Amino acid sequence: MAKAITPRSVDYSEWYNDLVIRSGLADYSAVRGCMIIKPLGYALWENMRAVLDRMFKETGHVNAYFPLFIPKSFLSREAQHVEGFAKECAVVTHHRLKLAEDGSGVVVDPDAKLEEELIVRPTSETIIWHTYRDWIQSYRDLPLLINQWANVVRWEMRTRPFLRTAEFLWQEGHTAHATREEAIAEAERMLDVYARFAEEYMAMPVVRGVKTPSERFAGAEETYCIEALMQDGKALQAGTSHFLGQNFAKAFDVTFLDQHNQRQYVWATSWGVSTRLVGALVMTHSDDDGLVLPPRLAPLQVAIVTIPTVEEPQMTVARELAEQLQRIGISVTVDTDETKRAGFKFAEYELRGVPVRIAIGKRDVEADTVEIARRDTKEKATVPRAAAVEHVRGLLDEIQQNLLRRARQFVADNTHTVETFEEFQRVLDERGGFVLAHWDGTAETEARIKELTKATIRCIPLDGAPQEGRCILTGKPSSRRVLFARAY
RNA sequence: CGGGGUGUAGCGCAGCCCGGUUAGCGCACCUGCUUUGGGAGCAGGGGGUCGUGUGUUCGAAUCACACCACCCCGACCA
């Protein structure tokens, strides 16, 4: 094995880093905390983006684009918002460089200092709500349903490829509504879109819930989220949808006249998912041999390898088969690289997560068969050439379903219900995973549990039935279980 | 921002303690031949500001000091 990836059992974190780099998803860059998204990683993001974009449009949203830079004063308009983001903002202070007098290169020209500093957006609520003030006058202007695909910068202390980078790509939806109820319905609708995307496309089961007040987005009245469970038993917040109340409308003075000629503040939501989803996908399905990508998002679904590459009969079969697969909408490549041998290619396609690999050798040509291997289980089947297209079509569906099934089973196996604090600690230390437990509802208890165990309340699950119980820490009454985990 | 680690060829490393030929090794790369059903073999070849700076010395990858960068672990966050 020329390209050994650290096995998960040795060091999960190393495995992830190795895999991201060696599979060709991303590279480190010259800038701290910023990564280069390589063609494979970007293709994956493009596929995610295409599906999400379609789902947003199906739910009535349109795309727009707002500036990268935000005047510093905007950020301070909403008190909680600035508190939440102030510590991680990149700030532009000058607009010009000049040659250094000592010839050592360029220096910032002190004469080019900006009157007001510009913040590189960590999120766009402020500049968007500043704009919405001009766009909204009447109830007829509502709802305003806009999404933006953009990059944002958060100067994080500690970064990890895809999971937390200083610059990341995302989408941010920003909507304005006439009523509280409508805005809440919008926030819930978009959470539902995210959850469906995660399960149907990423094959990643998620728990839907709401954040506790201390975990809420800065400036939100309610933060809805989807939480996923990674293979090492740690949780990952995969998407959030916020009900912002009238906070931003009040901060930016966005009002409208209703049907009764009454001036009202607008109700808001914002919601986003980011390139973090690529990391989530990797951590959900992949194994020690490389990426495992769900067919519905895989940039390449089928790779055909002929053995040997150069000889004609098998190459002819490969090209015919590829054409037939393409015709039914399956992405496929015929590997014509004569400098690599079959074994090398097998390993390489596995590393890159291609769901289905087909091998065609002289033996197959003679028997009129092809060998079809699936990435998720690594099983191989020899099937008649005439049945290959249907086999592949069915197999891609089967892999998609199997990944979701497997991931669901994992979440089920790693979700524990506990009654006492001792049990809580033991489960976290020995097994990790999601832990359902009673909590007295106070921020103090939440903070204390975090301090003692490093576990946070990931969410208050939306589908959890109310249940009387006693808080695992304080013994005070609790009306429902909440979802705890150690998280990324 | 605290703790730890690493900077030597595209990648991974040895050499450094104890200074001294032309700085090595594996992978990758180039050429040729033989191969080709799970990361091929042989032969030949190309590729280096030893992170940066200053100092010590006849002489520094090697010793000293300073700086920089990146990675990992923590606290903070999508």
Side-chain angles (χ1 to χ4, degrees), chain A residues 1-6 11-14 16-18 20-22 27-35 83-89 104 122-123 151-172 194 211 214-218 223 225-228 235-242 270-280 289-290 305-311 314 335 337-351 357-367 369-371 373 378 380 382 450-451 454 456 458 486-488:
Chain A
M1 293 284 279
K3 295 187 176 183
I5 296 171
T6 306
D11 186 337
Y12 190 80
S13 190
E14 270 301 303
Y16 177 80
N17 289 328
D18 283 357
V20 165
I21 301 304
R22 294 197 183 145
D27 246 340
Y28 294 114
S29 76
V31 182
R32 189 201 77 97
C34 296
M35 65 174 172
E83 203 185 309
F85 287 105
K87 285 176 287 185
E88 50 189 42
C89 286
S104 62
T123 179
N151 58 339
V152 288
V153 168
R154 296 181 188 174
W155 212 268
E156 301 288 354
M157 288 301 171
R158 171 132 156 62
T159 59
R160 307 193 61 184
F162 291 108
L163 298 177
R164 182 170 298 104
T165 47
E167 180 193 10
F168 56 95
L169 306 183
W170 76 343
Q171 57 72 217
E172 45 182 329
Y194 289 156
K211 288 291 186 189
S214 67
E215 295 272 337
R216 257 178 218 149
F217 175 75
T223 288
C225 63
I226 52 173
E227 292 287 326
L236 183 76
Q237 180 174 305
T240 48
S241 179
H242 316 290
S270 69
W271 28 273
V273 293
S274 71
T275 38
R276 168 179 268 197
L277 288 181
V278 175
D289 295 320
V305 175
T306 58
I307 310 163
T309 309
V310 283
E311 295 198 17
Q314 54 266 34
D335 193 325
D337 184 351
E338 295 175 18
T339 69
K340 301 283 190 298
R341 296 171 18 134
F344 182 91
K345 292 176 180 180
F346 294 169
E348 202 65 21
Y349 287 119
E350 278 161 13
L351 178 61
R357 185 189 69 238
I358 301 176
I360 306 172
K362 290 179 191 168
R363 287 195 321 237
D364 295 294
V365 173
E366 279 160 24
T369 58
V370 298
E371 182 193 76
K378 300 193 81 177
K380 294 175 183 176
T382 298
K450 183 178 179 182
E451 205 180 297
K454 291 179 186 167
T456 51
R458 303 316 305 154
R486 291 187 180 136
Y488 276 99

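Bear in mind that the values here come from a model prediction, so they are computed numbers and not experimental data.
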Between [N] and [M], how far apart are the two [atom1] atoms, rounded to whole Å?
N	M	atom1	answer
B/G39	B/G44	C1'	24 Å
B/C65	B/C18	P	14 Å
B/G19	B/C63	C1'	8 Å
B/C71	B/C11	P	14 Å
B/G10	B/C58	C1'	37 Å

Heavy atoms only, 4.0 Å cut-off, all strands: where does [X] land among base, sugar-phosphate and nothing?
X	answer
A/Lys380	base
A/Gln237	sugar-phosphate
A/Thr382	nothing
A/Lys87	nothing
A/Leu236	nothing
A/Phe168	base
A/Thr240	nothing

Distance check needed: [N] [atom2] versus [X] [atom1], whole Å only.
X	N	atom1	atom2	answer
A/Gln314	B/U36	CD	P	12 Å
A/Arg22	B/C27	CZ	C1'	11 Å
A/Arg486	B/C76	CZ	C1'	18 Å
A/Lys362	B/U35	NZ	P	10 Å
A/Asp27	B/C70	CG	P	15 Å
A/Ile21	B/G10	CD1	P	18 Å
A/Phe344	B/G37	CZ	P	14 Å
A/Asp337	B/U36	CG	C1'	13 Å

Verify the contact: side-chain N or O of [X] to OP1 or OP2 of [N], cut-off strictly under 4.0 Å; return yes or no.
X	N	answer
A/Lys450	B/C76	yes
A/Ser13	B/C73	yes
A/Arg341	B/A40	yes
A/Asn17	B/C71	no

Return the nucleotide paired to [N]: Watson-Crick means purine N1 to pyrimidine N3 with N6-O4 or O6-N4, wobble means G-U with N1-O2 and O6-N3, both under 3.5 Å.
N	result
B/A9	none
B/C76	none
B/A43	B/U31
B/C67	B/G51
B/C58	B/G20

Is the shortest side-chain heavy-atom distance between A/Arg341 and A/Pro308 below 4.5 Å? no
Check every atom of B/G37, B/G39, B/C76 against the side chain of A/Ile307 and return the nucleotide holding the closest atom. B/G37
Output the single nucleotide from B/G39, B/C72, B/G37 whose closest atom is nearest the side chain of A/Glu348. B/G39
Please answer whether the main-chain N or O of A/Phe217 pairs with a side-chain N or O of A/Thr223 as donor and acceptor at a distance below 3.5 Å. yes
Treating A/Gln314 as the side-chain partner and A/Gly361 as the backbone partner, does any N or O pair qualify as donor plus acceptor under 3.5 Å? no
No-H, no-angle donor-acceptor pair, A/Arg357 side chain to B/G38 base, under 3.5 Å: yes
Pairing residues for A/Ala228 by the side-chain contact (heavy atoms from CB on, under 4.5 Å) criterion, not counting sequence neighbours: A/Met204, A/Val206, A/Met230
Does A/Glu371 pair with A/Arg363 as a salt bridge, N-O distance under 4.0 Å? no
A/Tyr194 vs A/Trp271 aromatic rings, parallel, tilted or perpendicular, using cut-offs 30° and 60°? perpendicular
Do A/Thr456 and A/Arg458 have side-chain N/O donor and acceptor atoms under 3.5 Å apart? yes
